[in-house]
**Q** 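The structure that follows is given in the form of structure tokens.
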Amino acid sequence: MSTLTIHRAPWVVPISEPVLTDAAVAVQDGRIVDVGPFADLEKKYPGSPIAEHTGCAFLPPLVNAHIHLELSHIHIAEDTDPVAGFTDWIARLLAAREENGAIGAAVEQAARETLARQYELGVIAIGDIGNTDIGAKLAPEFPGMLLHFNEVLGRSRKTRKSILAKVAAAPGNKRFTAHAPYSTHAELIQFLKARALKLDHPFPIHTAEPPSENELLAAGTGELFTFLLQRGFVDNSFRPPAGIDNHGSVQYLHKLGVLDARTICVHCIHVGDAEISILAETGTRICLCPGSNRHLHVGRAPVKKFLAHGILPAIGTDSRASNPEISMWREMAILSRDHRDVAAEDILAMATAGGAKALGIDRDYGTLARGKKAKFLAIQVPYGMRTAEQLVQYLAADNAAIKPVWITE
């Protein structure tokens, strides 16, 4: 058994408890043994070595619950060529991918650089979505946890048949998920969700991102339907699924029987009050991507309503193709500006505990508490920080200068 070490700092932000001043985290054998006031831990563990972290605040590592690493080489610049809407962005993304390629050394290197930068910014775990296996290939290089999900989509009978064959031939440790309700046939969504349950892994799915998704599901019309029709993804014979209530993406997924605590509805912008109740009742996880939503002008999620229903969302950055900067600190700052009625404490909890719960890794990460892994962040705080409120506001909203340092055993 290794020596117990007490890490002391002026501030400790456990997330699961109120902020502590002149506090400490005791670690041993790679796990957190105790968290509390320094004076208490010094008495409780006499003679233990003390590591002083002057001027710092301890915080659990961040969790980026939604990213597309394979798109790191693509940047659609909003400032020089504004995106005209969701379908315009999809068209430009597909064109950029055709021009720049979807695989290869350059694509892989861009993804590797994004991944390394995530760890530098204090991210311990990542939920990566991809059509290729780049994320899975890079996972062993990441010092934290990288959960890669191979994303599939398709509506035609021929496509569904080929996807089913592909998934059936894949090894059991390969995670598959569905792209979105508008792009993936109901039978495929149900099949992939059943497989995820069997293998006990999360099931992320883009949900209610563009407003036109609801119109497509409910009536088979609208901007998104026209776009898919023009590209041959659907045809004129397309009809909304019969026999279920399609008025809303969440309602649709609920009727398919795929909402539970292992499903992550990503974006979740255009959802009504009844759908929020469904999310709460089923325990479904939500992942917000405020930077991407702002870049694509698709709207803002009803964050305050989620919290009022007892739902703590996760946060993700999405990709460089829809977000000019891949930083969880920036995502928190955008949430703070866009939702001034949401407390900074809740935003910090989303970036830590919310993400850990969504990815199913909250046994090890998400809070600073006894039993969690002894990997956390030390953040230098500005001189003159006097109250917990000031500290939390700095971390969640005024955080452009933050450069986390890893504390590991």
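Model, not experiment: these values are computed from the prediction. Counting begins at 1 with the first residue of the sequence.
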**Q** With a 3.5 Å distance limit and no angle check, can you tell me whether N293 reaches the backbone of V298 through a side-chain donor-acceptor pair?
**A**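 Not confirmed, N293 side chain does not pair with V298 backbone.
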**Q** Would you say that D260 contacts F203 through its side chain, given a criterion of any heavy-atom pair below 4.5 Å between the two side chains?
**A**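 No. Closest side-chain heavy atoms not under 4.5 Å.
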**Q** Could you check whether atom NZ of K174 has more than 12 heavy atoms from other residues, nucleotides or ligands sitting under 6.0 Å from it?
**A**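 Check passes, neighbour count above 12.
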**Q** Can you tell me how far apart CD (E409) and OG1 (T3) are? Round to the nearest 0.5 Å.
**A**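 That separation rounds to 9.0 Å.
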**Q** Regarding K372 and D362, does a basic nitrogen lie under 4.0 Å from an acidic carboxylate oxygen?
**A**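 A salt bridge is absent here (no side-chain N lies under 4.0 Å from a carboxylate O).
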**Q** For H185 and E187, indicate whether the former's side chain and the latter's backbone hold a donor-acceptor pair under 3.5 Å.
**A**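 Yes, H185 side chain to E187 backbone: donor-acceptor pair under 3.5 Å.
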**Q** Students often mix this up, so state it plainly: with edges at 30° and 60°, are the rings of H179 and H206 parallel, tilted or perpendicular?
**A**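 The rings of H179 and H206 sit tilted, inter-plane angle from 30° to 60°.
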**Q** Taking D29's backbone N and O only, do any of them form a donor-acceptor pair with S2's side chain (distance below 3.5 Å, no angle check)?
**A**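 Side chain of S2 to backbone of D29: a pair is present.
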**Q** Please work out whether the ring planes of F86 and Y182 are parallel, tilted or perpendicular, with thresholds of 30° and 60°.
**A**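 F86 vs Y182 ring planes: perpendicular.
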**Q** As a quick check of understanding, evaluate side-chain contact (heavy atoms from CB on, under 4.5 Å) for L188 and L164, giving each step before the final call.
**A** CA-CA 8 Å; L188 277 179; L164 290 172; 4.0 Å; yes
**Q** Would you sort out whether E209 and L296 count as a side-chain contact (heavy atoms from CB on, under 4.5 Å), showing the intermediate values?
**A** CA-CA 10 Å; E209 182 179 7; L296 300 184; 4.0 Å; yes
**Q** Side-chain contact test, heavy atoms from C-beta onward, threshold under 4.5 Å: evaluate it for P404 versus W329 and give yes or no.
**A**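 Answer yes - side chains close enough.
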**Q** Work out which heavy atom in N100 is nearest to a heavy atom in V107; give both atom names and the distance.
**A**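 For N100 versus V107, the nearest heavy atoms are O-CG2, 4.3 Å.
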**Q** For T317 and N323, does a side-chain donor sit closer than 3.5 Å to a side-chain acceptor?
**A**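 Side chains of T317 and N323: no pair found under 3.5 Å.
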**Q** Quick check for you: to the nearest 0.5 Å, what is the distance between I67 atom CD1 and H148 atom NE2?
**A**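 Here the rounded value is 12.5 Å.
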**Q** Looking at SG of C289 and CG of L335, how far apart are the two atoms once the value is rounded to the nearest 0.5 Å?
**A**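 If I round to the nearest 0.5 Å, the distance is 10.0 Å.
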**Q** Quick one: are K137 and E108 in side-chain contact, heavy atoms under 4.5 Å?
**A**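 They are in side-chain contact.
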**Q** Distance-only, no hydrogens or angles: does the E52 side chain make a donor-acceptor pair with backbone N or O of R8 under 3.5 Å?
**A**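 Side chain of E52 to backbone of R8: no pair is present.
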**Q** Mind checking whether H339 and L307 have side chains closer than 4.5 Å, heavy atoms only?
**A**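 Answer no - side chains too far apart.
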**Q** Counting neighbours of CD1 on I103 that are heavy atoms of other residues, nucleotides or ligands and sit closer than 6.0 Å, is the number greater than 12?
**A**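 For I103, atom CD1 is not crowded (no more than 12 foreign heavy atoms under 6.0 Å).
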**Q** Can you check whether T263's main-chain N or O pairs, donor with acceptor, with R285's side chain at less than 3.5 Å?
**A**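 No.
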**Q** For L395 and M332, work out which heavy atoms get closest and say how close.
**A**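 Looking at all heavy atoms of both residues, the shortest contact is O-CE, 4.2 Å.
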**Q** Going by an N to O cut-off under 4.0 Å, is there a salt bridge joining D341 and K304?
**A**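 Here D341 does not pair with K304 in a salt bridge, since their nearest N and O are not under 4.0 Å apart.
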**Q** Return the minimal non-hydrogen interatomic distance between I50 and F38, and the atom names on each side.
**A**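 The answer is CD1-CZ, 3.7 Å.
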**Q** Is the backbone of E151 close enough, under 3.5 Å, to the side chain of N131 for a donor and an acceptor to pair up by distance?
**A**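 It does hold such a pair.
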**Q** P302 and C268: which non-hydrogen atoms are nearest, and at how many Å?
**A**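 Minimum heavy-atom contact is CD-O, 3.8 Å.
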**Q** Do K193 and R262 come within less than 4.5 Å of each other through their side chains, counting heavy atoms only?
**A**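 SC-SC contact between K193 and R262 confirmed.
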**Q** Is the backbone N or O of G291 less than 3.5 Å from a side-chain atom of E331, with the two atoms forming a donor-acceptor pair by type?
**A**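 A pair under 3.5 Å: yes.
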**Q** Tell me, do K373 and P61 make a side-chain contact under 4.5 Å, heavy atoms counted?
**A**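 No, every pair of side-chain atoms sits at 4.5 Å or beyond.
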**Q** Do L62 and N64 have side chains that get closer than 4.5 Å, going by heavy atoms?
**A**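 Result no, sub-4.5 Å side-chain heavy-atom pair not found.
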**Q** Do the side chains of L368 and I32 get nearer than 4.5 Å, heavy atoms only?
**A**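 With C-beta onward as the side chain, the pair touches.
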**Q** Within the distance-only criterion (no hydrogens, no angle test), does the side chain of K305 pair as donor or acceptor with the backbone N or O of I276 below 3.5 angstrom?
**A**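 Checked: no pair found.
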**Q** Going from CG on L147 to OG1 on T177, what distance comes out if it is rounded to the nearest 0.5 angstrom?
**A**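 If I round to the nearest 0.5 Å, the distance is 12.0 Å.
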**Q** Taking all heavy atoms of A397 and all of A333, pick out the closest pair and write down the distance.
**A**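 For A397 and A333, the tightest heavy-atom pair comes out as O-CB, 3.7 Å.
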**Q** Output the distance between atom CD (E325) and atom NE2 (H295), rounded to the nearest 0.5 Å.
**A**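 Result: 12.5 Å between the selected atoms.
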**Q** Looking at W11 and L59, would you say the former's side chain and the latter's main chain have a donor-acceptor pair under 3.5 Å?
**A**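 Here the side-chain-to-backbone pair does not exist.
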**Q** May I ask you to say whether E113 pairs ionically with R117, meaning some side-chain N is under 4.0 Å from a carboxylate O?
**A**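 So E113 does not pair with R117 through a salt bridge.
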**Q** Going through the checks in order, is the side-chain contact (heavy atoms from CB on, under 4.5 Å) test met by L20 and F58?
**A** CA-CA 10 Å; L20 302 171; F58 292 155; over 6 Å; no
**Q** Nearest 0.5 Å, please: how far is OG1 in T21 from CE in M385?
**A**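 Reported to 0.5 Å precision, the distance equals 13.5 Å.
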**Q** Kindly give the heavy-atom pair with the smallest separation between P140 and A136, and that separation in Å.
**A**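 In this case the closest contact between P140 and A136 is CD-O, 3.6 Å.
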**Q** Just by distance, do the side chain of D128 and the backbone of L69 share a donor-acceptor pair under 3.5 Å?
**A**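 Checked: pair present.
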**Q** Is the count of non-hydrogen atoms from other residues, nucleotides or ligands lying under 6.0 Å from K357 atom NZ greater than 12?
**A**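 Counting neighbours around NZ of K357, 12 or fewer heavy atoms of other residues, nucleotides or ligands fall under 6.0 Å, so no.
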**Q** Report the C-alpha separation of Y365 and L359 in whole Å, then their side-chain angles, then the decisive distance to 0.1 Å, and conclude whether the side-chain contact (heavy atoms from CB on, under 4.5 Å) test is met.
**A** CA-CA 10 Å; Y365 300 110; L359 295 183; over 6 Å; no
**Q** Mind telling me whether H68 and H66 have parallel, tilted or perpendicular rings, with 30° and 60° as the class edges?
**A**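 Perpendicular.
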